[in-house]
Amino acid sequence: MNWPRWFIVMGMPVDETTNNGSVQVPFQLAVNELAENPENRCPCILLLDVSGSMQGEPIKELQEGVVVYRDSIFADDLARKRVEVAIVTFGGSVEVVQSFVTADNFTPPPIQARGDTPMGEAVVTALRLLGERKGDYRNAGIKYYRPWVFLITDGGPTDESKPCWVEAKELIRKGEAENQFSFFSVGVEGANMGKLTELNPARAPLRLKGLGFKAMFQWLSSSQRSVSRSIPGEEVPLSDPTAGPKGWATV
């Protein structure tokens, strides 16, 4: 799927199935919060570039955008029980600053700009985290919608000569091809769009208009609210972020 393609089959919860298509997973109560809230899950990882070049207004607007995202999902009674958020930052080092939690338990953590841009390592870390969370769902008998991985950067990878960059590209290629997740990337002014295209050729990156983080996160939260309310197997229309005066991005 290429950007933009806004009728995406995102409404189908996915899980391990038998040959006849019926779900057959063991129900275990190993993860307390999943046992207490057995709603279908729509997991989303925010992969945030917090390198030194984001210092100042960009990091401030990004932080405020995450707050808008959280507030928008929290306002929806169903989405706040179904949409799960995790945050991985990369700036000098890669950190999981927020493990997966539903929106009703999500408090946006403070972020600070520093260091270089280990993007490859960040992608690998995020996808491993996602794999672990999917294991939690399976163990608890929880269905989940196709996960979202949403990368935001104003630069290019400083670890592209390392094995993790090659691994990141292969994990994304395989994951997109097998519908394991949908990987989106957004370039802030100064981003190396060529490297973002190289990272995921299946879905062209978008360029953020100015510092329109709030509009971008409004679109993201609105899209995930729609997915969380969808009927399994139903196509969910996502508005084109490049269209009209309210569009927050360009191709």
Side-chain angles (χ1 to χ4, degrees), residues 1-3 43-63 65-66 69 85-100 108-135 147-178 180-208 211 213 216-217 220 249-251:
M1 296 180 294
N2 293 319
W3 289 85
C44 176
I45 295 184
L46 303 179
L47 258 172
L48 306 181
D49 180 350
V50 296
S51 59
S53 57
M54 289 285 288
Q55 186 69 45
E57 197 65 19
I59 203 75
K60 174 178 176 291
E61 291 293 324
L62 176 60
Q63 178 84 68
V66 175
Y69 171 67
V85 186
I87 299 179
V88 175
T89 61
F90 53 106
S93 61
V94 174
E95 297 183 32
V96 178
V97 297
Q98 175 64 67
S99 297
F100 278 106
I111 51 179
Q112 184 176 2
R114 67 207 183 281
D116 58 4
T117 316
M119 190 184 300
E121 181 186 352
V123 170
V124 172
T125 298
L127 295 182
R128 287 176 179 167
L129 180 66
L130 177 59
E132 292 169 0
R133 191 54 173 167
K134 288 203 249 183
W148 300 52
V149 184
F150 210 84
L151 182 148
I152 304 167
T153 181
D154 74 337
T158 52
D159 57 0
E160 62 180 309
S161 62
K162 298 180 179 180
C164 59
W165 180 248
V166 176
E167 183 180 2
K169 292 191 292 183
E170 176 57 22
L171 287 173
I172 293 172
R173 183 202 64 76
K174 185 175 185 291
E176 283 273 19
E178 297 179 359
Q180 295 175 9
F181 52 78
S182 294
F183 190 99
F184 305 90
S185 54
V186 176
V188 185
E189 183 177 359
N192 188 328
M193 304 301 283
K195 286 299 177 183
L196 291 181
T197 300
E198 178 185 324
L199 187 62
N200 183 17
R203 194 189 309 274
L206 292 182
R207 189 182 299 276
L208 186 69
L211 295 177
F213 290 110
M216 180 194 70
F217 278 112
L220 180 60
T250 60
V251 177

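Just so you know, these numbers come straight off a predicted model, no measurement behind them. Values below: every heavy atom of this structure, side chains too, minus hydrogens, waters and symmetry copies. Each residue takes its place number in the sequence, starting with 1.
I59 CD1 to S53 OG: the interatomic distance, rounded to the nearest 0.5 Å, is 9.0 Å. A distance of 12.5 Å separates CE in M54 from NZ in K60, rounded to the nearest 0.5 Å. The CZ atom of F184 sits 12.0 Å away from atom CE of M216, with the distance rounded to the nearest 0.5 Å. Atom CD of E160 and atom CG of N192 lie 8.0 Å apart (nearest 0.5 Å). The structure places CG of D154 at 11.0 Å from CD of Q55, a figure rounded to the nearest 0.5 Å. Of the inter-residue distances, the one linking F90 atom CZ with L151 atom CG reads 4.5 Å to the nearest 0.5 angstrom.
Taking all atoms of both residues into account, the shortest heavy-atom contact from W165 to E198 is NE1-OE2, 3.0 Å. Heavy atoms only, all atoms of each residue included: I87 and P109 are closest at CD1-CD, 3.8 Å. Residues A168 and G120 approach most closely at CB-O, 3.7 Å, considering heavy atoms. Nearest heavy atoms, L48 versus V66: CD1-CG2, 4.2 Å. Nearest heavy atoms, S99 versus A86: C-CB, 4.0 Å. Closest approach of L62 and F217 over heavy atoms only: CD1-CE1, 3.9 Å.
Contact check for Y69 versus C44: side-chain heavy atoms found under the 4.5 Å cut-off. Looking at heavy atoms from C-beta onward, F100 lies out of side-chain contact with V85 at the 4.5 angstrom threshold. When side chains are defined from C-beta on, F213 counts as touching V188, because their heavy atoms get closer than 4.5 Å. By the 4.5 Å heavy-atom criterion applied to side chains, L46 and I152 are not counted as neighbours. Within the 4.5 Å cutoff, the side chain of L127 has heavy atoms near those of the V149 side chain. Between L211 and P58 there is a side-chain heavy-atom pair separated by less than 4.5 Å.
With hydrogens and angles disregarded, no donor-acceptor distance shorter than 3.5 Å links the side chain of D159 to the backbone of C164. K134 places a side-chain N or O within 3.5 Å of a backbone atom of Q180 that can act as its donor or acceptor partner. N200 places a side-chain N or O within donor-acceptor distance of the main-chain N or O of F183, the cut-off being under 3.5 Å.
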Considering only distance and modelled atom types, tabulate donor-acceptor pairs under 3.5 Å from the side chains of residues 110-119, sequence neighbours left out.
residue : atom : partner : partner atom : Å
R114    : NH1  : Q112    : O            : 2.8
R114    : NH2  : E95     : OE2          : 2.8
D116    : OD1  : G92     : N            : 3.4

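Partners of Q63 according to the side-chain hydrogen bond (donor to acceptor under 3.5 Å, both in side chains) rule, which considers only residues two or more places apart in sequence or in another chain, do not exist here. Residues meeting the side-chain hydrogen bond (donor to acceptor under 3.5 Å, both in side chains) test with K162, sequence neighbours left out: none.
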Note to self: Set out, in order, the CA-CA distance, both residues' side-chain angles and the distance that settles side-chain contact (heavy atoms from CB on, under 4.5 Å) for V251 and L206, then state yes or no.
What the structure shows: CA-CA 5 Å; V251 177; L206 292 182; 4.2 Å; yes
Checklist line | L196/M193 under side-chain contact (heavy atoms from CB on, under 4.5 Å): CA gap, chis, key distance, verdict | finding: CA-CA 5 Å; L196 291 181; M193 304 301 283; 4.1 Å; yes
Note to self: Determine whether L47 and S185 satisfy the following criterion, side-chain contact (heavy atoms from CB on, under 4.5 Å), listing intermediate values before the conclusion.
What the structure shows: CA-CA 9 Å; L47 258 172; S185 54; over 6 Å; no
Checklist line | Verdict with reasoning, I45 to V88, per side-chain contact (heavy atoms from CB on, under 4.5 Å) | finding: CA-CA 7 Å; I45 295 184; V88 175; 4.3 Å; yes
